[in-house]
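This report refers to the structure that appears directly beneath it.
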Amino acid sequence: MGYQLNFGWLPQYLPVLIDGIGVTIYLMAVGAVLGCLLGTVCAWTRALGPNWARPVVVAYVELIRNTPFMIQLFFIFFGLPSLGVQMSELEAATLAMIVNLGAYSCEIIRAGIQATPRGQFEAGASLAMTPFETFYHVVLIPALQRIWPALSSQIVIVMLGSAVVSQIAAQDLSYAANFIQSRNFRAFETYIVSTLIYLVLSILLRQVLAGIGWALFPKRKAAR
Amino acid sequence: MIEFTLWDILRNLLLATRWTILLSLVSFVGGGIVGLVVMFMRISANKAVATAARAYIELFQGTPLLMQLFLAFFGLALLGMTVPAWLAAGLALILWTASFLAEIWRGCVEAIAKGQWEASASLGMGRIQQLRYVILPQALRIAIPPTVGFSVQVVKGTALTSIIGFVELTKAGTAVTNATFQPFTVYGLVALIYFALCWPLSRTSQVLERKLNVAHHNH
Amino acid sequence: MSLITITEVKKRFGDNEVLKGINLDVDKGEVIAIIGKSGSGKSTLLRCVNGLETINDGSISVAGAQLLPGEAALKALRLKIGMIFQSFNLFPHLSAGRNVMLSQMVVKKTPKPQAEEMARRMLDRVGLLHKFDAYPDELSGGQQQRVAIARALAMEPLGLLCDEITSALDPELVNEVLAVVKELASEGMTLLMVTHEMRFARDVCDRVVFMHEGRVHEIGAPDTVFSNPQTPELKQFLGML
């Protein structure tokens with residue numbers, strides 16, 4: 001025993017940490033926005049899209065949800081180049097985030113759409129809205145509002161999962177931590193600091209998402 | 001240089017899958033036991049105890065599993081142990097699993113109607129008796145689908161233990177890739193093996209959930 | 001000698017004082033109906049007597065058992081007085097018989113054979129012996145409520161609190177439950193009931209309590225209260241204004 005925790009290295013490596021935080025936030029932001037967009041498109045396809053496309057979406061969603069994110073990442077970064085698709089570490093990491101969240105958000109949004117009463121579709125149609133307009137105004141927005149808490153938690157989970165992108169040398173916060181501990185030989189302290197930063201990020205992210213929820217769905221009564 | 005057939009690759013991966021399965025089981029069972037304790041603390045009438053459980057859940061759900069693995073690995077080393085990878089992996093996964101199961105189960109306990117607490121109280125039962133004879137038997141029924149569903153996350157979570165050197169399916173995948181230079185095939189197969197492990201669990205969870213809903217509507 | 005003694009009981013939910021000093025003594029064998037508008041505090045009063053709500057001031061005792069915080073004191077109180085709820089609150093995972101047996105076995109440590117015998121007797125008393133093995137979701141609302149009564153009776157309480165026990169029932173099921181209550185009353189069971197069944201209150205009760213804004217506004221024999229209300233509030237409540 002008698003080990004003394006030492007955080008004296010922190011000021012020197014602060015810039016490295018900040019760069020890592022920047023990349024993690026970038027991955028999260030791009031992954032969340034494009035991932036949810038992809039999920040929405042997939043959910044639409046599953047609910048109302050052409051018949052041939054539905055099993056494709058189902059296969060995609062099931063495959064992603066039942067395999068580890070890290071394997072998806074490795075497959076994209078190490079596997080796809082053999083098909084001639086070359087990507088930088090950051091591009092591969094971003095793509096993996098989008099593909100991963102796309103599948104989860106598809107499933108969450110679909111559940112929200114399924115909870116839309118049948119009559120809503122018919123009401124939209126009877127008002128001479130096009131299928132797309134009906135989908136957007138009558139189905140999607142109330143569905144999103146309904147599933148916003150579930151979607152928010154999933155975005156936080158995906159953000160925390162992004163820590164493994166350091167394994168393909170994308171230079172996010174966990175990469176910064178690995179880098180620092182290899183220099184300062186204070187692995188435990190380094191990971192404590194980076195873990196706490198992740199904790200703060202996840203708390204902030206939840207706040208931001210709650211705020212977005214407030215802004216997107218102002219004063220609507222909870223559609224149940 | 002040795003030629004690897006597809007069968008060679010698959011055999012190596014399947015052999016390593018044993019350790020993925022074993023670690024998943026240990027993490028799930030251990031996490032279940034710890035999670036039960038945390039859940040009881042979380043619903044305790046004692047504020048301090050409940051807050052401690054809440055902090056535990058917040059901490060483990062609010063930080064990456066990868067960081068928890070590193071902390072377990074390097075933290076145990078600080079206690080002066082030489083840490084085998086399986087120990088750090090098992091410890092971190094158990095604690096992580098516990099935080100999620102505790103929260104899932106708390107939700108199930110809180111989903112039981114308030115009238116059940118009141119009726120059992122009015123019959124003179126104490127809190128422990130209420131939980132044991134009235135609340136938990138009902139909560140257990142609705143807890144099964146999400147619990148089975150979460151087991152999928154545990155199986156997938158074990159993949160991260162490869163990073164601290166535990167040799168399971170993912171680690172084997174990396175090793176085989178380095179030997180064969182066929183990342184597309186190897187990681188594709190690894191993904192399929194994970195899928196074969198996880199998909200039945202996902203399906204079971206969905207089917208159970210649907211059954212429960214049907215039973216519920218029949219009331 | 002009164003069985004239930006309620007003295008200067010006050011109860012607040014936040015800033016809202018729902019009970020503003022209630023005094024009420026219920027004698028052994030007495031049947032009392034509490035009537036009043038919703039929000040007058042009548043259900044809260046009943047829940048306080050069973051210790052489901054804490055009180056901010058005053059005291060409640062049932063046959064010498066005081067309402068005090070702490071599991072032991074609450075248990076002592078609740079062993080003396082049972083409660084029937086508007087929403088029945090049967091345990092859905094147990095058969096009717098098991099519902100009646102459970103608390104005898106875990107609270108009173110009655111051996112199983114005796115508990116089962118008591119359960120059969122009590123179910124018989126409410127006319128549902130043939131439903132011993134049925135689960136709550138296989139019973140009608142009226143049957144569920146009768147099982148709930150049997151469940152409370154099996155603890156051999158000195159009195160029963162009935163909180164709007166027919167309000168959640170379809171109209172055609174109300175009478176079967178009221179018949180059971182009437183039977184209990186005639187056997188000398190002490191009953192304190194919140195009810196909207198005015199005819200029943202008039203026919204069966206010894207005294208009627210009219211609660212208004214957290215106080216006992218009027219109290220008296222049913223004939224007096226219903227035929228000769230003293231206050232405009234009670235007149236209005238009875239539809240006489």
Side-chain angles (χ1 to χ4, degrees), chain A residues 1-5 24 59 61-83 85 107 153 156-157 159-167 172-174 177-178 181 186-203 205-206, chain B residues 20 58-80 96 100 103 149 152-153 155-163 168-170 173-174 177-178 181-203 206:
Chain A
M1 299 299 285
Y3 183 86
Q4 290 285 315
L5 291 182
T24 290
V61 169
E62 291 297 316
L63 206 59
I64 295 299
R65 277 164 32 101
N66 289 294
T67 51
F69 175 65
M70 192 160 62
I71 296 301
Q72 296 156 19
L73 185 71
F74 284 2
F75 188 81
I76 289 173
F77 187 68
F78 298 118
L80 287 189
S82 61
L83 297 183
V85 186
E107 196 57 20
S153 328
V156 173
I157 288 173
M159 187 277 280
L160 295 174
S162 77
V164 298
V165 301
S166 56
Q167 296 307 302
D172 74 330
L173 176 54
S174 67
N178 293 346
Q181 67 91 17
R186 291 280 175 181
F188 190 64
E189 292 92 324
T190 308
Y191 287 119
I192 282 188
V193 168
S194 53
T195 303
L196 289 178
I197 297 174
Y198 272 113
L199 183 62
V200 171
L201 282 179
S202 71
I203 291 170
L205 178 57
R206 244 179 278 164
Chain B
T20 292
E58 185 77 14
L59 191 64
F60 281 86
Q61 291 198 2
T63 58
L65 175 57
L66 180 59
M67 293 294 127
Q68 293 164 27
L69 283 163
F70 282 140
L71 284 175
F73 190 73
F74 292 108
L76 285 175
L78 286 191
L79 299 178
W96 177 79
F100 280 90
E103 195 65 1
V152 175
Q153 308 305 324
V155 176
K156 293 193 292 180
T158 61
L160 298 193
T161 62
S162 63
I163 298 171
E168 38 62 80
L169 179 52
T170 300
T174 309
T177 301
N178 290 340
F181 305 107
Q182 298 182 41
F184 186 84
T185 313
V186 175
Y187 287 123
L189 284 173
V190 170
L192 286 180
I193 294 173
Y194 274 113
F195 184 81
L197 293 176
C198 293
W199 192 74
L201 294 170
S202 297
R203 278 303 293 168
Q206 284 166 358

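Quick note on labels: first sequence line is chain A, next is B, and so on, each numbered from 1.
Heavy atoms closer than 4.5 Å to chain A are found nowhere in B:Thr185, neither backbone nor side chain. Neither the backbone nor the side chain of B:Leu65 comes within contact range of chain A; no heavy atom of the residue lies under 4.5 Å from a heavy atom of that chain. Interface remark: A:Leu201 contributes no atoms to any contact with chain B (heavy atom separation under 4.5 Å). Contact of A:Arg65 with chain B is made through backbone and side chain together, with heavy-atom distances under 4.5 Å. Looking at A:Gln167, only its side chain comes within 4.5 Å of chain B, counting heavy atoms on both sides. In this structure, no portion of A:Leu205 lies under 4.5 Å from any heavy atom of chain B. Proximity to chain B (any heavy atom under 4.5 Å) is shown, for A:Gln72, by neither the backbone nor the side chain. Only the side chain of A:Ser82 comes within less than 4.5 Å of a heavy atom of chain B; its backbone N, CA, C and O stay farther away. Contact annotation for A:Ser166: only side-chain heavy atoms (C-beta onward) come within less than 4.5 Å of a heavy atom of chain B.
Taken to the nearest 0.5 Å, the SG atom of B:Cys198 stands 8.0 Å off from the CD atom of B:Gln153. Atom OH of A:Tyr198 sits about 4.0 Å away from atom OG1 of A:Thr24, to the nearest 0.5 Å. Between the CZ atom of B:Phe184 and the CG atom of A:Leu83 there is a distance of 4.5 Å, given to the nearest 0.5 Å. Here A:Thr195 contributes atom OG1 and A:Phe188 contributes atom CZ; the two are 9.0 Å apart, rounded to the nearest 0.5 Å. The distance from atom CZ of B:Phe195 to atom CG of A:Asn66, rounded to the nearest 0.5 Å, is 5.5 Å.
Looking at heavy atoms from C-beta onward, B:Thr174 lies in side-chain contact with A:Phe74 at the 4.5 angstrom threshold.
Between B:Tyr187 and A:Phe75, a ring centre-to-centre spacing not shorter than 6.0 Å is recorded.
Contact between B:Gly173 and B:Thr177 at its shortest, heavy atoms only, is O-OG1, 2.7 Å.
Between chain A and the options B:Gln61, B:Glu58, B:Met67, heavy-atom pairs under 4.5 Å are most frequent for B:Met67. Note: B:Ile163 leads B:Val152, B:Leu160, B:Ile163 in heavy-atom pairs under 4.5 Å with chain A.
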